[in-house]
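To start, the structure itself, in structure tokens.
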Amino acid sequence: PLGRKVLIIYAHQEPKSLNGSLKDAAVEELGKQGCSVTVSDLYAMQFEPRATRNDIVGCLHNSEEFNYGVEAREAYKRGDLSDDLIEEQKKVQEADLLIFQFPLYWFSMPAIMKGWMDRVLVEGFAHKFPDCYSSGLLKNKLALFSFTTGGSKEMYTKGSISGDIRYLLWPMQHGIMHYCGVKVLAPHICFAPEYVSEEKRKEMLLAWAQRLKALWKEEPINCSPEWYFK
Ligand code: FAD
Ligand code: ZN
């Protein structure tokens with residue numbers, strides 16, 4: 001729909017990768033719909049994943065003993081976070097939907113994307129206890145985890161060697177996004193793109209574009225323990 005704002009947080013080193021193609025497909029399809037799409041291309045930006053005192057400009061709240069969470073929270077209040085963080089927070093603030101596009105690394109997101117979570121979702125901006133989960137500060141936004149794997153779909157089923165793929169979505173979907181009040185759409189998973197035919201990969205890209213056509217009609221998933229672990 002016209003005017004919807006989408007932020008794609010994208011973590012792949014190679015534009016020609018399947019992740020790159022999935023990102024491009026989303027930019028194209030959402031653009032066609034009249035959405036305004038912004039991409040944070042983390043590797044191209046050389047995004048800093050480390051949470052350090054460099055994130056705080058000017059004086060520390062407590063210069064005797066450094067506490068990253070406290071310092072980030074206080075710096076956010078003063079408007080003293082580093083420019084790259086202020087920039088990302090502005091993009092998040094403006095977005096209706098966050099799409100995370102990445103290859104699965106060790107049952108999780110690549111470190112550069114985890115660093116984005118660690119540094120951008122600052123207390124006071126994204127959450128502020130007890131304003132978490134349904135009252136998290138980013139409520140009214142949606143998130144969608146779109147990722148690729150090395151393992152096949154069969155490996156990622158309950159009772160199989162890797163277990164239900166949903167087990168590993170728990171920290172990302174519930175622990176991070178839902179914690180910040182963001183509602184979660186069903187994940188989009190392309191299994192083992194390196195081990196399927198060129199034709200199958202083309203189908204994967206078409207399926208993603210197809211899903212995006214009807215995306216705004218989707219209801220968020222019930223982001224609860226039962227959904228993941230039943
Ligand atoms: P690519 O290799 O880039 O894509 C596959 C092929 O698609 C390429 O040949 C590319 O040219 C082609 N392609 C690109 N665009 C198109 C297009 N438009 N049409 C047709 N073909 C196209 N996997 C797991 O399952 N679990 C793990 O825990 C895990 N941990 C990992 C940890 C590390 C550190 C690393 C490096 C990998 C890990 N993996 C794991 C594997 C990883 O998830 C996969 O290698 C990755 O998801 C594949 O996605 P890609 O985009 O990199 O694929
Ligand atoms: Zn949840």
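Starting from 1, each residue takes its place in the sequence as its number. Just so you know, ligand 1 is whichever comes first in the structure, and atom 1 is the first atom listed for that ligand.
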Requested in this report: Return the orientation label for the Phe100 and Phe145 ring planes: parallel under 30°, perpendicular over 60°, tilted otherwise.
Outcome: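 If you compare the ring of Phe100 with that of Phe145, the planes turn out parallel.
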
Report task. On the 0 to 90° scale, with breaks at 30° and 60°, tag the Phe107-Tyr156 ring pair as parallel, tilted or perpendicular. Result ->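 Rings of Phe107 and Tyr156: tilted, 30 to 60°.
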
Query - Heavy atoms of other groups near Lys200 NZ, more than 12 under 6.0 Å - result: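 It does not: Lys200 NZ has 12 such atoms or fewer within range.
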
One residue to check: [X]. Relative to ligand 1, which of side chain, backbone, both or neither has a non-hydrogen atom less than 4.0 Å away?
| X | value |
| --- | --- |
| Lys16 | backbone |
| Ser21 | side chain |
| Phe147 | neither |

Report task. Kindly identify the option in Met204, Glu203, Arg201 whose heavy atom sits closest to atom 6 (C) of ligand 1. Result ->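 Considering heavy atoms of Met204, Glu203, Arg201, the nearest to atom 6 (C) of ligand 1 sits in Arg201.
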
Report task. Using heavy-atom distances, let me know which of Lys202, Gln13, His12, Glu194 sits nearest atom 50 (P) of ligand 1. Result ->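 Comparing heavy atoms across Lys202, Gln13, His12, Glu194, the nearest one to atom 50 (P) of ligand 1 lies in His12.
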
**Report entry** Heavy-atom donor-acceptor pair, Lys183 side chain to His178 backbone, under 3.5 Å
**Finding:**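 Not a single qualifying donor-acceptor pair exists.
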
Requested in this report: Give a yes or no answer on whether the side chain of Arg166 reaches the backbone of Trp227 with a donor-acceptor pair at less than 3.5 Å.
Outcome: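 Yes.
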
Quick one: nearest non-hydrogen protein atom to [atom], plus distance?
| atom | result |
| --- | --- |
| atom 18 (N) of ligand 1 | Leu205 CD1, 3.0 Å |
| atom 25 (O) of ligand 1 | Tyr156 OH, 2.7 Å |
| atom 28 (O) of ligand 1 | Phe107 N, 2.9 Å |
| atom 51 (O) of ligand 1 | Asn19 ND2, 2.8 Å |
| atom 46 (C) of ligand 1 | Thr148 OG1, 3.5 Å |

Would [X] count as a polar contact of ligand 1, with the cut-off being nitrogen or oxygen pairs under 3.5 Å?
| X | answer |
| --- | --- |
| Leu104 | yes |
| Pro193 | no |
| Gly150 | yes |

**Report entry** Residue pair Asn19 / Ser17, side-chain donor-acceptor N/O under 3.5 Å
**Finding:**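 The criterion, which ignores hydrogens and geometry beyond distance, is not satisfied for Ser17 and Asn19.
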
Requested in this report: Examine Arg73 relative to Tyr68 and say whether NZ or CZ is less than 6.0 Å from the centre of the six-membered ring and inside a 45° cone about the ring axis.
Outcome: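 Judged by the rule (NZ or CZ under 6.0 Å from the ring centre, within 45° of its axis), Arg73 is not positioned above Tyr68.
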
Query - 4.5 Å side-chain heavy-atom contact, Ser146 and Trp208 - result: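 Ser146 vs Trp208: side chains touch.
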
